[in-house]
Amino acid sequence: MKLQSFSLEQYEEVVELWQRAGLALSRSDSLEGLRHKLERDPELFLVAISEAGQLAGAVMGSYDGRRGWVNHLAVDPAHQGQALGSRLMQELERRLANVGCEKINLLIEPENSGVQAFYRQQGFAADELIFMEKWIDAPKSDGKGV
């Protein structure tokens, strides 16, 4: 397996992988949403490519200047059990450390709670929090700037 940075040309493949892996996607996972993500920290969105050239796994990480975040780690069911998820996480952690990140957070959807054991093996521990969210509609740009 070869690990490399994600490119937008892989968008459809990555979305299909996420869906095959059972991840819940949101409107921020659109092509435009991922384009914005890549403007910030493209080196933290990784894909794993098999020897046959197929997308076998992906993890989208981010860094806000204080904390690193793990989003959408997925391994194709045909490639699970080969430590690919661990390799993706180790490489993401290395890249986060390289940008000065000292703490990595992640959230697990209730319907995906079975992955907790995997993340514990990666050194993560549960933290009791109340998570809240709000979707906002960004204003449309008129092209003239702010």
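These values consider heavy atoms only, across backbone and side chains, with no hydrogens, waters or symmetry-generated copies. For reference, positions follow the sequence shown, starting with 1.
- In this structure, Met1 CE and Leu84 CG are separated by 5.5 Å, a value rounded to the nearest 0.5 Å.
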For residues 118-126, run the donor-acceptor check on the side chains, cut-off 3.5 Å, and write out each pair with its distance to 0.1 Å, sequence neighbours left out.
| unit_1 | atom_1 | unit_2 | atom_2 | d |
| --- | --- | --- | --- | --- |
| Arg120 | NH2 | Gln116 | OE1 | 3.4 |
| Gln122 | NE2 | Ser86 | OG | 2.9 |

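- Contact record, Val14 with Phe6: CG2-CE1, 3.6 Å, taken as the closest heavy-atom pair.
- Considering only heavy atoms from C-beta on, Leu34 comes within 4.5 Å of Tyr11 through its side chain.
- Judged by distance alone, with hydrogens and angles left aside, the side-chain atoms of Gln4 form no donor-acceptor pair with the main-chain N or O of Val47 at under 3.5 Å.
- Both Leu8 and Ile49 are part of a single hydrophobic cluster, where members link through side-chain heavy atoms under 4.5 Å apart.
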Residue pair Arg35, Glu39: steps toward the salt bridge (charged side-chain N to carboxylate O under 4.0 Å, His left out) verdict = CA-CA 7 Å; Arg35 185 183 325 276; Glu39 291 171 1; over 6 Å; no
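- Between Leu31 and Glu12, the closest side-chain pair of non-hydrogen atoms is not below 4.5 Å.
- Closest approach of Ala48 and Leu3 over heavy atoms only: CB-CD2, 3.5 Å.
- Considering CD of Glu16 and CG of Leu55, their distance stands at 9.5 Å, rounded to 0.5 Å.
- In this view, Arg27 and Asp137 satisfy the salt bridge (charged side-chain N to carboxylate O under 4.0 Å, His left out) rule, not counting sequence neighbours.
- Two different hydrophobic clusters hold Val70 and Phe131 under the rule that ILVMFWY side chains link at heavy-atom gaps under 4.5 Å.
- The CG atom of Leu106 sits 13.5 Å away from the CZ atom of Arg67 when rounded to the nearest 0.5 Å.
- The two residues Ala58 and Trp18 have their closest heavy-atom pair at CB-NE1, 4.3 Å.
- In this structure, the separation between SG on Cys101 and CZ on Arg95 is 14.5 Å, given to the nearest 0.5 Å.
- In this structure, OG on Ser26 lies 9.0 Å from CD on Glu109, to the nearest 0.5 angstrom.
- Both Val99 and Leu92 are members of a single hydrophobic cluster when ILVMFWY side chains are connected at heavy-atom separations under 4.5 Å.
- Rounding to the nearest 0.5 Å places CD of Glu43 at 5.5 Å from CG of Asp41.
- Between Phe45 and Ser62, the closest side-chain pair of non-hydrogen atoms is not below 4.5 Å.
- Between Asn98 and Leu96, the closest side-chain pair of non-hydrogen atoms is not below 4.5 Å.
- Counted by atom type alone, Ser7 and Glu9 present one or more donor-acceptor pairs between their side chains at under 3.5 Å.
- No continuous path of hydrophobic side-chain contacts links Tyr63 to Met60 [ILVMFWY only; heavy atoms under 4.5 Å].
- For Gln90, the side-chain hydrogen bond (donor to acceptor under 3.5 Å, both in side chains) test picks out no residue, with sequence neighbours left out.
- The hydrophobic cluster containing Val115 also contains Leu46, counting ILVMFWY residues as joined when their side-chain heavy atoms lie under 4.5 angstrom apart, directly or transitively.
- In this structure, Ser28 and Trp135 approach most closely via the heavy-atom pair OG-CH2, 3.7 Å.
- The closest side-chain heavy-atom distance from His72 to Asp29 is below 4.5 Å.
- Using a 4.5 Å heavy-atom threshold, the side chains of Ser5 and Gln10 count as separate.
- Looking at Val15 and Gln19, their side chains come closer than 4.5 Å, going by heavy atoms from C-beta outward.
- Across every non-hydrogen atom of Ala24 and Glu111, the tightest pair is CB-OE2, 3.9 Å.
- Here the side chains of Leu44 and Leu38 are not in contact, with every heavy-atom distance at 4.5 Å or above.
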